[in-house]
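Structure, as structure tokens:
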2 protein chains.
Amino acid sequence: MRGKADSDLVRRQNRRVVLETLRFHGPSPRVELGRFTGLSPATITSITMQLIQDGAVIELDDVAGTVDSAKRGRPTVLLGLKPDAAFMIAVKISIGMIEFALADFTGEIRERAQLSIATFDMQPEIFARRLIAETKHFITSTNIEPALIAQINVAVQGVADNRLGKIAWSPAFKARGISIVSPLEEAFNIPCTLANDANMIAEGLIAQKMVKLSGTTAAVFMGYGIGMGLVIDGAVYQGSTGAAAEFGHMNYVPGGALCRCGRAGCLEAYASDYGILRSAEKLPDDTSPPSHPVNAQVMFALEAAARAGDKDAIAAFQKAGRAIGFGLARMIALLNPDRIVLAGAGTRALDLIEPSLRAAIEEGVVAELRANLKIETLPVGKDMIIGGTIDAGMRRLDSEVYAIGPALQTEVKKELLV
Amino acid sequence: MRGKADSDLVRRQNRRVVLETLRFHGPSPRVELGRFTGLSPATITSITMQLIQDGAVIELDDVAGTVDSAKRGRPTVLLGLKPDAAFMIAVKISIGMIEFALADFTGEIRERAQLSIATFDMQPEIFARRLIAETKHFITSTNIEPALIAQINVAVQGVADNRLGKIAWSPAFKARGISIVSPLEEAFNIPCTLANDANMIAEGLIAQKMVKLSGTTAAVFMGYGIGMGLVIDGAVYQGSTGAAAEFGHMNYVPGGALCRCGRAGCLEAYASDYGILRSAEKLPDDTSPPSHPVNAQVMFALEAAARAGDKDAIAAFQKAGRAIGFGLARMIALLNPDRIVLAGAGTRALDLIEPSLRAAIEEGVVAELRANLKIETLPVGKDMIIGGTIDAGMRRLDSEVYAIGPALQTEVKKELLV
DNA sequence: GATTTTGTTGTGCAATGCAAAATAATATAT
DNA sequence: ATATATTATTTTGCATTGCACAACAAAATC
């Protein structure tokens, strides 16, 4: 139903549209903002004036002004997001490692740090304390005024419950139910979030317009694990607890191969690096998965062997393709997506995987449902997790700047009247 | 991004909120509308005045005024949707049968009709022509001025492509790709839609507030076929072509039992009436499914046999439960829903199905993902398909009345100026 | 008939966005 | 060097919206 509307809402919405345009297009003159948003020049002037006053936007000195110096007429004034309007910290937790990044309001990374840490056997409280200490240390090391940091956003492999702010299960930890958000918010007194890493990659794809803003796109990340980001109508679908799109742990065969998560028959147990390796080596299906990522060299060698004709290796990749294909077929029957994007290190072996993957989709789902479906491959850099976390955080900040801006003004007025 | 906003949008939104409140609450006085929508009395007066003028709303004579006659003060004036503001026709196409209903703007059904017709072997064009002829005949029989009919909405079992307006595949037809919307729109020159029957039931659940308006709810309909309606944030999720939530034809076992759709291993081939019957009778998995619904008496008998201890019958229901359970487990891994609702005639045998269904969910999905999940059973009447089609149609009309109302006014003004 | 209660309408204000006019700043023509 | 053309931004004036508050209306009760 989306409730009633008033003129405040209109301003808020239009402020946000302007901010988003600026974030996506980069520094732009006012005319450009008007063209892109459809707002009149008068309105753009009014809104940008407010945003400048609120400290979210600045007029940029015409550094690159030489570019359009050939044109006649009054020169444009570039407007841009004010880099030091706010800062945020993105944290990536993976097996044996924590990474930090400090980003300014434009999304630019100002500082990074990473440290090795034996996460696997850590007790929840100990890890939380350690995380807080390391975050404090990172903040100190950046020389940024701590009060300017607006939020801390954490991404983690595995099942992240964003409602409770807990890591429900992760390959990085033996323990379950590790509380992250509450300890951080108590320690730093700013909004903090926890999210699944694949969903953060998907946020990055949206920010970079690599994912259509309408319809449904499923992005599959293949590698040490199998992840998915589901983008519905331009937003990452989170599910009830933020744990949606656990594609890797979607059951492939009841009672099948043993998965890292302790369950039998997950897709990941067939299609992730360790699953492929296990079946290539003809180890029994219930062989315990290694607790650390498969060495990249080992996978390179396996791919090479398959391409050189090694029957077992070929069969392992085919088996992986069939597992992913049936998983996708089931997803297609449920969600009828417009697009599937394959990404991640695992796509290196796509030549070995794709035929059986496509065959499985054809076998597993009615032709009518895949009539308009596009399947694409996408090069995805390693840093997409940190980058996507920052993108998502910045979008959240935009919403807060747009929402708080006018609200603050009326709040102040009310206080003056009292 | 949702684009820019202006004051027109505010009015449109608030008009819609008022209409929706009226539709959901039934006739209400203005104060009540104000209380419910949060709009000020002044605004309510202004909006209702417009809506009355536009012919969407009327002041009702205080028929039930005796109810609150005990109160002091000025009596309320009930406002209600104007029944004859617009009409629509809902059509339900199933195996061997077409049903029609004429509904007024309040959603009340004014006339119904149904006819048996041997759909299965009909050629697409012949069926379309017949459908048009029967619809015309139905309209004539209602004595409603044809110009007052605002739309025709068709629901069908099977894969309905709402983008192309074609029945991609349906158990009611041997043929595929039966064009429905274009022929109807050409014949009647009003907006027509085609949708899947399970999605229409879901629309009905929303209209009756049986489904939470936030979060994700999956409604499963068990019976002759297996259907699903996916409600995400208060709206039925349609997918790219309107064919989302084809749960019945989601693959259960690669290369498994033969399904009505011609494919092997669909969930429906194990869990629908005919699937259960086939396995209870120990017929081979590739036995062709019957082209007509299983007689209800046969299913009653099978249930009775199972409850009386018949091993084969018990095993068949357990097998069905396991199939649905694994299907749901996969759905849960992908969508992390808040709620699952089980409905339809098949829930009669829930006592036989549920244990294996729940066991399969536990086996098939990580505990963390089903921590907050609620599974409920819902009595769903036969008529939910027609009812839901009407509900969905009315919501569409509301949007058009709210949207066209002000637009028309400005259009008229512009014409006067020219 | 006066009083009380409650619901509806009118008035004045503040905010919004837009169209059109005014102003600003530059390139180019004369 | 000056005028003109061109493009960007700001200002002005107006229409729309919603809201708070006051005025009005209608019936029940005293």
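Only a predicted model underlies this, so the values are computations on that prediction, with no experimental measurement involved. Chain letters run A, B, ... following the sequence lines, proteins first and then strands; every chain starts at 1.
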Rounded to the nearest angstrom, tell me the gap between atom [atom1] in [X] and atom [atom2] in [N].
X: B:Arg15; N: D:dG18; atom1: CZ; atom2: C1'; value: 15 Å
X: B:Gln13; N: D:dG18; atom1: CD; atom2: C1'; value: 14 Å
X: B:Leu79; N: C:dG7; atom1: CG; atom2: C1'; value: 12 Å
X: B:Arg35; N: C:dG7; atom1: CZ; atom2: P; value: 6 Å
X: B:Asp8; N: D:dC14; atom1: CG; atom2: P; value: 20 Å
X: A:Leu9; N: C:dA15; atom1: CG; atom2: P; value: 16 Å
X: A:Leu33; N: C:dG17; atom1: CG; atom2: C1'; value: 16 Å

Select one nucleotide: of [options], the one nearest the side-chain heavy atoms of [X].
X: B:Val31; options: C:dT8, C:dG17, C:dT16; result: C:dT8
X: A:Pro75; options: C:dT16, C:dA25, D:dT9; result: C:dA25
X: A:Val10; options: C:dG17, C:dA25, D:dT10; result: C:dG17

So does [X] get a side-chain nitrogen or oxygen closer than 4.0 Å to the phosphate oxygens (OP1/OP2) of [N]?
X: A:Arg12; N: C:dT16; value: no
X: A:Arg11; N: C:dG17; value: yes
X: A:Ser40; N: C:dC18; value: yes
X: B:Arg30; N: C:dT6; value: no
X: A:Asn14; N: C:dG17; value: yes
X: A:Lys4; N: D:dC19; value: yes

query = Can you tell if the side chain of A:Leu78 reaches within under 4.5 Å of the side chain of A:Pro29, non-hydrogen atoms only?
reply =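 A side-chain contact exists here, since the closest heavy-atom pair is under 4.5 Å.
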Are any side-chain N or O atoms of [X] and backbone N or O atoms of [Y], one a donor and one an acceptor, separated by less than 3.5 Å?
X: B:Asp6; Y: B:Asp8; value: yes
X: A:Arg163; Y: A:Gly242; value: no
X: B:Arg23; Y: B:Phe105; value: yes
X: A:Asp104; Y: A:Asp84; value: no
X: A:Asp338; Y: A:Thr217; value: no

query = Which of these, A:Gln13, A:Arg11, A:Arg12, sits in a side-chain contact (heavy atoms from CB on, under 4.5 Å) with A:Arg15?
reply =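 Output: one option passes, namely A:Arg11.
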key: First encountered from the 5' end of DNA chain D, between A:Glu59 and A:Asp6   =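 Upstream on the strand: A:Glu59.
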message = If you assign A:Val77 and A:Ser7 each to the DNA chain D nucleotide with the nearest heavy atom, which residue ends up on the more 5' nucleotide?
response =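 The 5'-side residue here is A:Val77.
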key: Residues from residues 41-49 of chain A lying under 4.0 Å of DNA chain D - heavy atoms   =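 DNA chain D contact set from residues 41-49 of chain A: A:Pro41, A:Ala42, A:Thr45.
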inquiry  = Quick one, B:Glu32 with B:Arg35, criterion salt bridge (Lys or Arg N to Asp or Glu O under 4.0 Å). Give me CA distance, side-chain angles, the key distance, then yes/no.
reply    = CA-CA 5 Å; B:Glu32 189 75 23; B:Arg35 254 195 297 275; 3.2 Å; yes
